[in-house]
Student: 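First, the structure itself, so that you have it in front of you.
Along the sequence shown, residues are numbered consecutively beginning with 1.
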Amino acid sequence: MTMVRSTLPEPARRVAGDALQETLVDLLGLSLIGKQAHWNIVGPRFRSIHLQLDEVVSTARSYADQVAERAAALGVAPDGRPETVAARFDLQGPKDGWVRDDEVVRLLVEALETAIGRLRGRVDATEDADKVTQDLLISLTYELEKQRWMFEAENWPREG
């Protein structure tokens, strides 16, 4: 049962709600990866990457709120509980302990790339279901692609 009635037909609401819930889990997970790396980064580029990680976390948290509120507006209760994120989030996080700056960069590039790929699938899925949700996901994709680019540029030229 929904407490909030959606203006969308039920099949469209389901598609949009699923896309939003999956995105919420990815964003909450990305914010945790970013903070864990932020606290444990070491190396000659510590300061610049340490600060850049805060940008990723801020973007993820801000969009997580927007995504959750969009879901609620559609009558879909957003689920950002720790147990939900732990059970459904599957992006690679940093190893335990200190993490070298080049490894943090590699980790963030890969995590962001995976999240962006998933988002692009959700953008496609919501095209007919809900253009408003699709627009939100497109904006988020733009922001995460910008962050990915900035991290990838940190390890240029590529080693090996």
Side-chain angles (χ1 to χ4, degrees), residues 1-38 49 51-95 99 103-156 158:
M1 178 178 101
T2 180
M3 296 297 294
V4 177
R5 286 185 358 155
S6 175
T7 58
L8 294 176
E10 184 55 28
R13 186 182 80 87
R14 220 173 306 114
V15 168
D18 289 348
L20 291 164
Q21 179 58 44
E22 292 166 5
T23 301
L24 179 61
V25 168
D26 278 355
L27 289 170
L28 294 173
L30 277 172
S31 74
L32 294 172
I33 287 173
K35 268 304 178 188
Q36 183 66 23
H38 173 87
I49 296 171
L51 295 173
Q52 191 175 347
L53 287 163
D54 270 341
E55 291 178 29
V56 171
V57 171
S58 178
T59 297
R61 288 180 177 171
S62 173
Y63 270 92
D65 193 49
Q66 292 178 57
V67 163
E69 288 178 356
R70 177 67 188 152
L74 295 178
V76 176
D79 188 356
R81 295 172 300 155
E83 58 268 27
T84 300
V85 176
R88 295 172 72 182
F89 185 73
D90 62 356
L91 295 179
Q92 179 72 36
K95 65 181 178 78
V99 185
E103 179 61 21
V104 167
V105 169
R106 184 199 60 75
L107 175 73
L108 264 290
V109 167
E110 289 176 7
L112 288 165
E113 192 168 299
T114 300
I116 290 163
R118 293 175 183 178
L119 270 170
R120 288 189 171 281
R122 295 174 198 142
V123 165
D124 290 344
T126 55
E127 182 175 10
D128 293 329
D130 181 24
K131 298 265 191 233
V132 176
T133 295
Q134 184 191 42
D135 184 58
L136 176 59
L137 298 178
I138 288 169
S139 295
L140 172 58
T141 303
Y142 166 83
E143 291 297 330
L144 293 185
E145 284 182 339
K146 181 174 75 174
Q147 291 296 331
R148 184 198 166 280
W149 156 61
M150 290 180 175
F151 274 102
E152 188 172 49
E154 287 281 349
N155 276 353
W156 190 88
R158 287 197 176 134

Student: State, to 0.1 Å, how close Leu8 and Ala129 come at their nearest heavy-atom pair, and which atoms those are.
Tutor: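 Shortest heavy-atom separation between Leu8 and Ala129 comes out as CD2-O, 3.8 Å.
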Student: Looking at Gly17 and Val76, what are the two nearest heavy atoms and their distance?
Tutor: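 Here Gly17 and Val76 meet closest at CA-CG2, 3.9 Å.
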Student: Return each pair, listed once, that meets salt bridge (charged side-chain N to carboxylate O under 4.0 Å, His left out) where at least one residue sits in residues 16-26; pairs must be two or more places apart or across chains.
Tutor: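 Of all non-adjacent pairs touching residues 16-26, those that pass salt bridge (charged side-chain N to carboxylate O under 4.0 Å, His left out) are Glu22-Arg122, Asp26-Arg118, Asp26-Arg122.
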Student: Checking Glu83 now: which residues fulfil salt bridge (Lys or Arg N to Asp or Glu O under 4.0 Å) with it, not counting sequence neighbours?
Tutor: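 Applying salt bridge (Lys or Arg N to Asp or Glu O under 4.0 Å) to Glu83 gives Arg81.
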Student: Sequence neighbours left out, what passes side chain to side chain donor-acceptor pair (under 3.5 Å) with Glu110? Give chain and number order.
Tutor: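 With neighbours one apart ignored, the set is Arg106.
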Student: Name the atoms and distances for all side-chain donor-acceptor pairs under 3.5 Å in residues 131-138, with sequence neighbours left out.
Tutor:
unit_1, atom_1, unit_2, atom_2, d
Lys131, NZ, Glu127, O, 2.9
Thr133, OG1, Arg70, NE, 3.2
Thr133, OG1, Asp130, OD2, 2.4
Gln134, NE2, Val123, O, 3.1

Student: In chain order, what residues pass the salt bridge (Lys or Arg N to Asp or Glu O under 4.0 Å) check against Lys146, with sequence neighbours excluded?
Tutor: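 If we apply the salt bridge (Lys or Arg N to Asp or Glu O under 4.0 Å) test to Lys146, skipping adjacent residues, the hits are Glu143.
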Student: Checking Thr7 now: which residues fulfil side chain to side chain donor-acceptor pair (under 3.5 Å) with it, not counting sequence neighbours?
Tutor: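 Once residues adjacent in sequence are excluded, Thr7 has no partner under the side chain to side chain donor-acceptor pair (under 3.5 Å) criterion.
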Student: Measuring from atom OG1 of Thr23 to atom CG of Leu119, what distance do you get when rounded to the nearest 0.5 angstrom?
Tutor: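 Answer rounded to 0.5 Å: 5.0 Å.
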Student: Less than 4.5 Å apart, any side-chain heavy atom of Trp149 and any of Leu144?
Tutor: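 Contact flag for Trp149/Leu144 side chains = no.
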Student: Test of understanding: with side chain to side chain donor-acceptor pair (under 3.5 Å), list the residues that count as partners of Glu69, not counting sequence neighbours.
Tutor: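 Glu69 satisfies side chain to side chain donor-acceptor pair (under 3.5 Å) with no residue once adjacent residues are dropped.
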Student: Take Trp156 and Val105, measure what side chain to side chain contact (heavy atoms under 4.5 Å, CB included) needs, and give me the verdict at the end.
Tutor: CA-CA 11 Å; Trp156 190 88; Val105 169; over 6 Å; no
Student: Going through the checks in order, is the side chain to side chain contact (heavy atoms under 4.5 Å, CB included) test met by Glu103 and Lys95?
Tutor: CA-CA 10 Å; Glu103 179 61 21; Lys95 65 181 178 78; 5.5 Å; no
Student: For Asp128, which residues count as a side chain to side chain donor-acceptor pair (under 3.5 Å) partner, sequence neighbours excluded?
Tutor: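 So Asp128 forms no side chain to side chain donor-acceptor pair (under 3.5 Å) with any residue.
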Student: State, to 0.1 Å, how close Pro78 and Leu24 come at their nearest heavy-atom pair, and which atoms those are.
Tutor: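 That closest heavy-atom pairing would be CB-CD2, 3.9 Å.
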Student: Salt bridge check: are Arg148 and Glu145 linked by an N-O gap of less than 4.0 Å?
Tutor: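 Looking at Glu145 together with Arg148, the answer is no, because their closest N to O distance does not fall below 4.0 Å.
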Student: List the atom pairs, donor and acceptor, that lie under 3.5 Å between side-chain atoms in residues 57-64 and the rest of the protein, sequence neighbours left out.
Tutor:
unit_1, atom_1, unit_2, atom_2, d
Thr59, OG1, Glu55, O, 3.0

Student: Only distances under 3.5 Å count here; give the side-chain donor-acceptor pairs of residues 29-37 to other protein atoms, sequence neighbours excluded, each with its distance to 0.1 Å.
Tutor:
unit_1, atom_1, unit_2, atom_2, d
Ser31, OG, Leu28, O, 2.8
Lys35, NZ, Asp54, OD1, 2.8

Student: List the atom of Val99, the atom of Pro94, and the distance in Å for their closest heavy-atom pair.
Tutor: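 Looking at all heavy atoms of both residues, the closest pair is CG2-CB, 4.1 Å.
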Student: Who passes side chain to side chain contact (heavy atoms under 4.5 Å, CB included) against Val25, sequence neighbours left out?
Tutor: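 For Val25 the side chain to side chain contact (heavy atoms under 4.5 Å, CB included) partners, ignoring immediate neighbours, are Gln21, Thr84, Arg88, Phe89.
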Student: Please list all pairs meeting ring-ring contact (aromatic ring centres under 6.0 Å, His included) that have one or both residues in residues 6-27, counting only residues at least two apart or in different chains.
Tutor: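 Listed once each, the pairs would be none.
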